[in-house]
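All residue numbers in this chain count up from 1 along the given sequence. What you see is a predicted model; the values in this text were computed from it and never measured.
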Amino acid sequence: MFRPQLPPGGTPTREAVPFSSLAEADRFRSNVTPPPRRRPSGSQLAGHTLIGLTIVCGLVGSLLFGLPALEPSQSPGHSQQSQASDGR
């Protein structure tokens with residue numbers, strides 16, 4: 001950071017700010033416009049579309065394969081028993 005130079009009288013014209021670069025950035029306004037964004041080429045657009053479709057298909061596929069595992073079992077009469085309880 002820089003410190004403002006004192007005028008010939010020796011007293012500062014303004015109070016020093018700890019983050020003087022931020023204070024000056026608020027006052028700065030540029031008259032230069034940024035360049036326009038470049039449009040993606042056809043191959044880039046196709047690649048982005050394929051990546052998006054792959055992600056969506058993966059999520060849909062995981063739902064299709066995962067939902068049957070989350071459903072309760074159809075045979076409520078079958079229960080698990082340990083082999084130790086069979087000998088009694």
Side-chain angles (χ1 to χ4, degrees):
M1 286 204 227
F2 73 98
R3 294 193 173 206
Q5 296 291 328
L6 293 176
T11 58
T13 57
R14 60 181 178 156
E15 186 176 335
V17 179
F19 300 101
S20 61
S21 61
L22 294 177
E24 290 178 8
D26 288 341
R27 292 191 317 249
F28 180 75
R29 298 288 183 249
S30 175
N31 61 354
V32 178
T33 59
R37 294 182 62 176
R38 294 189 336 193
R39 295 176 53 91
S41 67
S43 61
Q44 287 177 336
L45 193 58
H48 292 166
T49 304
L50 285 176
I51 289 173
L53 284 174
T54 302
I55 292 171
V56 169
C57 289
L59 291 173
V60 169
S62 66
L63 280 174
L64 289 176
F65 287 117
L67 283 179
L70 294 175
E71 292 178 0
S73 141
Q74 296 296 332
S75 58
H78 182 269
S79 64
Q80 291 182 346
Q81 294 180 355
S82 67
Q83 291 179 353
S85 65
D86 290 341
R88 291 187 185 197

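Grouped with L50 in a hydrophobic cluster is no other residue, since no side-chain heavy-atom contact under 4.5 Å to another Ile, Leu, Val, Met, Phe, Trp or Tyr is found. In the hydrophobic clustering, where aliphatic and aromatic side chains (Ile, Leu, Val, Met, Phe, Trp, Tyr) are joined below 4.5 Å either directly or transitively, I55 groups with I51, L59.
Judged as a side chain to side chain contact (heavy atoms under 4.5 Å, CB included), and not counting sequence neighbours, the contacts of S41 are S43, Q44.
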